[in-house]
Amino acid sequence: MQALLGDLTGHELERVAVAVIRENRSRLQKAQELFEEIDRIEGAGLPNEQLEQLRHDYRIAMLNLHTHHQLVSMVVERLGFVPEIDGQRPDLN
């Protein structure tokens, strides 16, 4: 990873940071949607064949989100600051 980021200018690294943060937001949204769908189906109390697949998809989404979050952290750390995205500085707690 360091080799991929090492030769980038500050501007290029900032563009990469913005892109990975946006991707992270997208992954978070997908995981949230899966979680809400699982909750909705479980709350209805009806048997649903899709539930196990949704749970699997949610687990995979969370694993991917966690892995991608590590990438975001690495890029932002290398950049030295959290770049503005759409006029805002995102929280990366």
From [X] atom [atom1] to [Y] atom [atom2], the distance as rounded to the nearest 0.5 Å:
| X | Y | atom1 | atom2 | answer |
| --- | --- | --- | --- | --- |
| R27 | T67 | CZ | OG1 | 8.5 Å |
| D57 | N64 | CG | CG | 11.0 Å |
| L54 | E33 | CG | CD | 12.0 Å |
| Q53 | Y58 | CD | OH | 15.5 Å |
| E37 | E42 | CD | CD | 10.5 Å |
| E84 | E14 | CD | CD | 8.5 Å |

Between [X] and [Y], does at least one N-O distance fall below 4.0 Å, as a salt bridge requires?
| X | Y | answer |
| --- | --- | --- |
| R15 | E12 | no |
| E36 | R40 | no |
| R22 | D86 | yes |

Say whether H56 and E52, considering side chains only, have a donor N or O and an acceptor N or O under 3.5 Å apart. no
Would you say [Y] ends up clustered with [X] if hydrophobic residues are merged whenever their side chains have heavy atoms under 4.5 Å apart, either directly or through other cluster members?
| X | Y | answer |
| --- | --- | --- |
| L51 | F35 | yes |
| L28 | I85 | no |
| V82 | V18 | yes |
| I41 | M62 | yes |

Please check if atom CD in E77 has more than 12 non-hydrogen atoms from other residues, nucleotides or ligands closer than 6.0 Å. no
For Q50, look at atom CD and say whether over 12 heavy atoms of other residues, nucleotides or ligands are found less than 6.0 Å away. no
State, to 0.1 Å, how close [X] and [Y] come at their nearest heavy-atom pair, and which atoms those are.
| X | Y | answer |
| --- | --- | --- |
| I21 | V72 | CG1-CG1, 3.8 Å |
| N24 | H69 | OD1-N, 3.6 Å |
| H68 | V20 | CE1-O, 2.9 Å |
| L34 | A61 | CD1-CB, 3.9 Å |

Minimum side-chain heavy-atom gap H66-Q70 below 4.5 Å: yes
Report yes if some heavy atom in the side chain of M1 is under 4.5 Å from a heavy atom in the side chain of L71; otherwise report no. yes
